[in-house]
Structure formats: C-alpha cells, structure tokens
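The chains referred to below are lettered A, B, ... by the order of the sequence lines, with proteins before strands, and numbering in each begins at 1. Every heavy atom of this structure was used, including side-chain atoms; hydrogens, water molecules and symmetry mates were not.
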Protein chains: 2
Amino acid sequence: MTAVDTATLTAPATIEEFRERLAAITDGLPRRLRQCADHIAANLDRIAVSTVAELAAGADVPPSALMRFCQILGYSGFSEMQKLFRDAYSPGFPDYSTRLENLKQGGAGTPSALLGEFIEAGRLSLEALAKSADEVALAQAVALLSAADTVHIIGLRRAFPVASYLAYVFDKMAVPAMLHEGTGKLDHRHALRPGDAVLAITFAPYSEETISLAQDARARGLKVVALTDRITSPLARVGDAILTVPEVDFGAFRSLSATLALAIALAVAVGSARG
Amino acid sequence: MTAVDTATLTAPATIEEFRERLAAITDGLPRRLRQCADHIAANLDRIAVSTVAELAAGADVPPSALMRFCQILGYSGFSEMQKLFRDAYSPGFPDYSTRLENLKQGGAGTPSALLGEFIEAGRLSLEALAKSADEVALAQAVALLSAADTVHIIGLRRAFPVASYLAYVFDKMAVPAMLHEGTGKLDHRHALRPGDAVLAITFAPYSEETISLAQDARARGLKVVALTDRITSPLARVGDAILTVPEVDFGAFRSLSATLALAIALAVAVGSARG
DNA sequence: GGCGTTTTGGAATAATTATTCCATTTTTAC
DNA sequence: GTAAAAATGGAATAATTATTCCAAAACGCC
C-alpha cells in the first residue's frame with residue numbers, strides 16, 4: 001500500500017473533515033487515484049445523487065479505481081461515503097437554478113444574462129461569507145464600536161454604498177455616527193476626537209484617503225475597525241479588529257451582497273449593544 | 001382505476017409541474033396513496049437521495065403503494081421520478097447550511113446570529129429575484145437608459161446606497177450620469193434636460209423627494225425608469241419601465257442584495273449597449 | 001348481505017448498482 | 001536490465017433496490 005494508509009484508520013465524518021482529508025492526500029496519489037480525487041473535489045455536491053459508475057465515468061477511470069479511492073479515504077466502500085453526503089444534503093431548491101439557466105440563456109451580454117450572473121455572484125459571496133466569517137473578530141468589532149463615543153465611517157468609491165448604508169442604519173438605531181465622504185476634498189479629520197472609533201472600509205485597489213484616515217486615527221489612539229477583502233490588505237495593518245469578506249466579482253464589478261450583510265449585522269449588533 | 005387517470009398520460013417534467021400535479025390530485029386519492037402524496041409533498045427535497053423503501057417507511061405505507069403512486073403521477077416508476085429530482089438538484093453547498101446553523105446558535109441577538117440572519121435574508125432575496133425577474137421590463141429599462149443623453153439617478157435614505165453604487169458603475173463605464181443627493185436641500189432639478197432619463201429608486205415608506213423628481217421629469221417628457229418594491233408603489237405610476245425587486249427584510253433592515261444585483265445588471269447592460 | 005370494483009400488502013422477481021478479485025501492466029529500486 | 005512492488009482494468013459476483021403480480025381485504029352499490 002501507499003504512504004497514505006496511515007490515514008486509512010479514520011474515515012471523515014463531516015463534510016469539512018472530508019475536504020481536509022482530500023486536500024491532504026491528493027498529492028502523492030498515483031495517477032488514476034488522483035483523477036478520482038480531483039473529480040470528487042470538483043463535484044462534492046453531486047456525490048449524494050450519483051452512482052459509482054457515473055462518478056467513475058466523470059473522473060475517466062474504471063469503477064474499481066473509484067472504489068479503491070473510497071477505501072483509501074477510510075470508508076468501507078462507496079455507499080458508506082455517499083451516506084455522509086446524503087445525510088448532509090441540503091436542498092438548494094428548486095426552480096431557482098432552472099430559472100437562472102433561463103435568464104442566462106438569452107446569450108452573453110443580454111441584460112437577463114447579466115442579471116443571472118450577478119445573482120449567482122451574490123449568492124456565492126453570501127455562502128462563502130457564511131463559511132468564512134470570523135466570529136471572534138466580529139465580536140471584537142462590536143465591542144470596540146459599542147464603547148466608542150462617535151463612530152466615524154469612511155468608505156469611498158466602490159465601498160461608498162456600504163459606508164452610506166452603515167450611516168443609515170446607525171442613524172436609525174440612534175448610534176452617534178458620522179459619514180466621511182470626500183465632498184469638496186475636505187477630510188474632516190479634526191472631527192476625530194479621543195474616545196471615538198473609526199470604521200474603515202476599502203477593497204483592492206485600496207483607496208489612499210481611507211487608509212490615511214485610519215492610520216491617523218490609530219496614531220491618535222482611537223480604535224479602528226477594518227472591513228476589507230483580505231487579511232493582507234494595507235488596512236489590516238492598522239485595524240484593532242479586522243473583518244474580511246470574500247466577495248465574488250463578476251466582470252469588473254463586485255456584488256457587495258456579502259459585504260452588506262456583514263456590515264448590517266455589525267451595525268445592528270452595535271445598535272443593540274448600546275441599548 | 002380512479003378518476004385520476006386522465007392525468008396519467010403526461011408525467012411532470014419540472015419541479016414546478018410536479019408540485020402542481022401533486023396539489024391537483026391529492027384530493028380524491030384513496031388512503032394509502034394520499035399518505036404517499038402528503039409525505040412526498042413534505043419531503044420533496046429528499047426524493048433525490050432516498051430509496052423507495054425509505055420514503056415508503058416515512059409515509060408509513062408498503063413500498064408497492066409508493067410505486068403505484070409514482071405511476072399515477074405518470075412516471076414509469078420511482079427511478080424515473082427520482083431522476084427529475086436528481087437532475088434538478090442545484091448545488092446548495094453541503095456545509096453552508098450547517099455553518100449557518102452554527103452562526104445562529106450563539107443565541108438571538110449575538111453578532112454571529114445576526115450575521116446568519118442577514119446572510120439568509122440576502123440569499124432568499126436573490127433567489128426570489130431569480131424567480132420573479134421581469135426580463136421584458138429589464139430590456140425596456142436598458143433601452144430607455146441607453147438612448148438617454150444623461151442618466152439622472154435618484155435614491156434617498158435606504159435606497160441611497162443603491163443609487164451611489166449605480167453612479168459608481170456608470171462612471172466606470174463612461175456613461176454620463178448624475179447622482180442627485182439631497183445635500184443642502186438643493187434638488188438640482190434644473191439639471192434635467194430634454195433627452196435625459198431618470199432612474200428613480202425608492203422603497204416603502206416611499207420618499208417624497210424621489211417621487212416628486214420622477215413626476216417632474218415625466219411631466220417634462222423625460223423617460224423614467226422606476227426601481228421599487230411593488231407594482232403598487234407610487235413610483236410605478238410615473239415610470240416608463242418598472243422594475244420590482246422582492247427584498248426580504250430582517251428586522252427593520254433590508255438586505256439590498258437583490259436590489260443591488262438588479263441595479264448592477266442594469267447599469268452594466270446600459271454601459272455595454274452604449275458602446 | 002351479496003356482488004362487482006377498487007385498494008392493499010407482501011412475496012417473488014427483475015434490474016441496477018456496489019464490490020471483490022485477480023491477471024496484466026506499469027512503476028520503482030537496484 | 002531485472003526483479004519486486006504497486007497500480008490498474010475488467011470481468012465475476014454480491015448486495016441492494018426497484019418493480020411486478022396476485023391473493024386477500026375493504027369498499028360501494030343495489
């Protein structure tokens with residue numbers, strides 16, 4: 001047997017474990033078995049509703065290779081593995097996908113097709129956010145902003161809609177907040193006072209004004225909450241709490257669905273925390 | 001045979017048809033078969049991943065009763081019926097829902113729970129948009145705005161983020177556009193010139209300024225595209241093209257996911273149509 | 001209450017699908 | 001280049017699962 005059989009003893013019991021195991025063993029697998037791994041990884045969602053023969057055909061291997069693969073993963077066979085996916089199967093239901101197909105069918109570039117793409121991008125972003133959201137960072141951010149006197153919100157360009165919605169929600173919830181828009185090239189920096197906090201939002205390509213304001217606030221000892229796209233963003237270096245949001249772009253534009261969901265949750269949580 | 005067999009000839013080919021058929025025949029079915037219908041209706045989402053025996057057990061009937069039921073619906077047997085559900089199965093990622101549960105588990109009111117709710121609201125909105133989007137109205141709206149000289153965008157309060165994102169996208173795509181924000185109570189109404197078009201956005205409770213601007217534009221012979229929540233909205237009366245978007249609220253705040261998806265699709269389509 | 005009709009349950013069978021096994025090929029190590 | 005080890009494909013078999021069929025039960029009608 002291969003070096004892999006150290007892993008043979010325990011079969012993954014959740015989809016998450018399954019993913020990890022898959023990633024861990026894929027390298028160092030012989031050709032046919034790797035084809036299995038690749039195809040399985042790319043079609044996790046179809047395992048629940050496929051037969052050995054179908055999956056094997058998709059991976060372009062004989063059924064027996066796929067059986068071996070299941071056993072390497074630690075299962076007694078395909079059926080046992082499939083059970084995991086059948087139990088976890090959640091209905092991403094129904095006509096939704098059919099309808100999406102219809103929308104896209106008009107052909108690339110038609111308004112309906114574009115709409116279909118943006119809907120899809122939004123949905124993927126939300127799902128990714130559900131999976132990746134950092135609960136600890138979110139709690140931190142809520143704590144920082146709840147303790148602040150005034151919340152200063154800054155987000156320009158593509159981040160501006162988010163900033164303005166935050167300002168709206170804070171206003172409705174009676175949280176003292178100020179929206180910094182670059183109108184008239186004034187940066188209203190003097191409005192930052194000790195005890196305040198800054199909520200800064202920016203995505204690649206990062207806007208300088210936003211980063212500069214955040215740095216400035218930091219230097220003056222104010223707390224900074226960063227809402228950005230990656231942990232490697234320049235904003236992440238100056239934030240006391242870092243919230244990252246995975247947004248799926250379609251074409252040049254991002255959907256903002258995930259970003260807004262996170263932003264509202266943050267704002268509402270802060271609003272309730274302040275009573 | 002029963003009175004039902006008039007329907008026997010054609011088997012439902014989509015989930016939607018299946019639903020209708022089910023509803024249509026359930027009354028007037030003998031006891032065991034009705035149990036099948038009820039259980040199937042309540043577990044549509046598990047058909048793809050279940051066996052005859054499992055479903056029969058769930059409905060508390062012998063397998064043969066379930067087989068008969070499938071045939072009454074017009075299928076050759078269970079397998080053929082199941083195929084419909086296996087094919088239509090849309091990849092709603094397996095652990096997405098698990099993770100959502102985890103987020104919500106923190107307890108009502110915690111930041112994570114809120115985030116979970118907003119993600120869910122966003123996703124539902126997007127799905128509803130996919131199902132309800134009016135392709136004809138969208139095409140009309142694109143045509144109107146593409147033909148305009150300048151596009152005037154107005155959306156206040158909760159609609160403002162949408163308006164500002166539209167302004168951003170139009171700018172990036174070199175479409176002449178002007179964002180009307182209420183700054184300083186100026187309404188810049190004189191900026192509306194013959195040949196321009198207005199893109200107005202408002203949701204209940206509808207903002208007067210937006211409606212007033214739209215009416216004014218209409219009176220002057222400009223084309224008006226309305227982006228709103230219902231067909232009965234006051235904005236719908238003054239629009240040359242009406243786009244409605246079903247948004248799921250959570251608490252007092254709406255997710256905007258669906259609205260933004262529609263808005264970007266519209267903007268990008270207009271951008272490409274203009275060259 | 002008896003007779004024709006419909007419905008029912010379960011056992012028998014057919015079809016499909018998973019799994020094993022081993023002869024053959026390919027790779028690896030020397 | 002050769003021998004040992006690993007990987008492979010496919011045919012044979014086992015297991016599961018779907019489907020049919022029919023005797024028995026329930027029902028409706030007169």
Side-chain angles (χ1 to χ4, degrees), chain A residues 1-8 11 18 25-40 43 46-87 89, chain B residues 1-8 11 18 25-40 43 46-87 89:
Chain A
M1 261 217 181
T2 73
V4 172
D5 64 351
T6 49
T8 303
F18 186 92
I25 67 163
T26 300
D27 308 325
L29 233 42
R31 195 169 114 259
R32 289 280 111 114
L33 294 180
R34 172 187 292 246
Q35 283 173 247
C36 293
D38 289 345
H39 185 253
I40 291 280
N43 295 279
R46 295 222 61 85
I47 296 177
V49 295
S50 301
T51 65
V52 172
E54 286 165 357
L55 284 174
D60 200 27
V61 300
S64 50
L66 208 132
M67 289 306 298
R68 266 197 301 277
F69 179 77
C70 297
Q71 286 159 356
I72 283 176
L73 247 28
Y75 301 101
S76 67
F78 175 74
S79 300
E80 193 178 306
M81 181 175 105
Q82 189 180 46
K83 184 167 186 311
L84 171 64
F85 288 87
R86 289 194 163 177
D87 292 346
Y89 166 89
Chain B
M1 263 218 181
T2 75
V4 171
D5 65 349
T6 49
T8 302
F18 186 92
I25 67 164
T26 300
D27 308 324
L29 233 41
R31 195 169 115 259
R32 289 281 111 114
L33 293 180
R34 172 186 291 246
Q35 283 173 250
C36 292
D38 290 346
H39 185 254
I40 290 279
N43 296 279
R46 297 223 60 85
I47 296 177
V49 295
S50 301
T51 65
V52 172
E54 286 165 357
L55 285 173
D60 200 26
V61 301
S64 51
L66 210 136
M67 288 307 297
R68 266 195 304 275
F69 179 77
C70 298
Q71 286 159 356
I72 284 176
L73 246 29
Y75 300 101
S76 67
F78 175 74
S79 300
E80 192 179 305
M81 182 176 105
Q82 189 180 48
K83 185 169 184 311
L84 170 64
F85 288 87
R86 290 194 164 177
D87 292 347
Y89 164 74

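- Here the C1' atom of nucleotide D/dT8 and the CD1 atom of A/Ile72 are 12 Å apart, to the nearest Å.
- Residues B/Arg68 and B/Gln71 bring no donor and acceptor atom of their side chains to less than 3.5 Å of each other.
- To the nearest 0.5 Å, atom CZ of residue B/Phe78 and atom OG of residue B/Ser50 are 6.5 Å apart.
- Of the inter-residue distances, the one linking A/Ser79 atom OG with A/Leu84 atom CG reads 13.0 Å to the nearest 0.5 angstrom.
- Note: CG (A/Leu33) to P (D/dA6) measures 14 Å, nearest angstrom.
- Taking the side chain as every heavy atom from C-beta outward, A/Phe69 and A/Val61 never approach each other to under 4.5 Å.
- For the pair B/Leu73 and B/Phe18, the minimum side-chain heavy-atom distance is below 4.5 Å.
- Two residues are said to be in side-chain contact when any heavy atoms from C-beta on lie closer than 4.5 Å; A/Arg86 and A/Lys83 fail this criterion.
- Using five terminal pairs a side, the axes of the helix from C/dG1-D/dC30 to C/dC30-D/dG1 at its two ends make an angle of 30°, given in steps of 10 degrees.
- What separates CG of B/Asp60 from P of C/dG10 is a distance of 11 Å, to the nearest Å.
- In this structure, the CZ atom of A/Arg32 is 14 Å from the C1' atom of C/dT27, given to the nearest Å.
- B/Tyr75 is not listed as a side-chain neighbour of B/Gln82, based on a closest heavy-atom distance of 4.5 Å or more.
- In this structure, CD1 on A/Ile47 lies 4.0 Å from CD1 on A/Ile40, to the nearest 0.5 angstrom.
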For nucleotides 16-25 of chain D, 5' to 3', base contacts (B), sugar-phosphate-only contacts (S) and non-contacts (-) with protein non-hydrogen atoms under 4.0 Å give --SBB-----
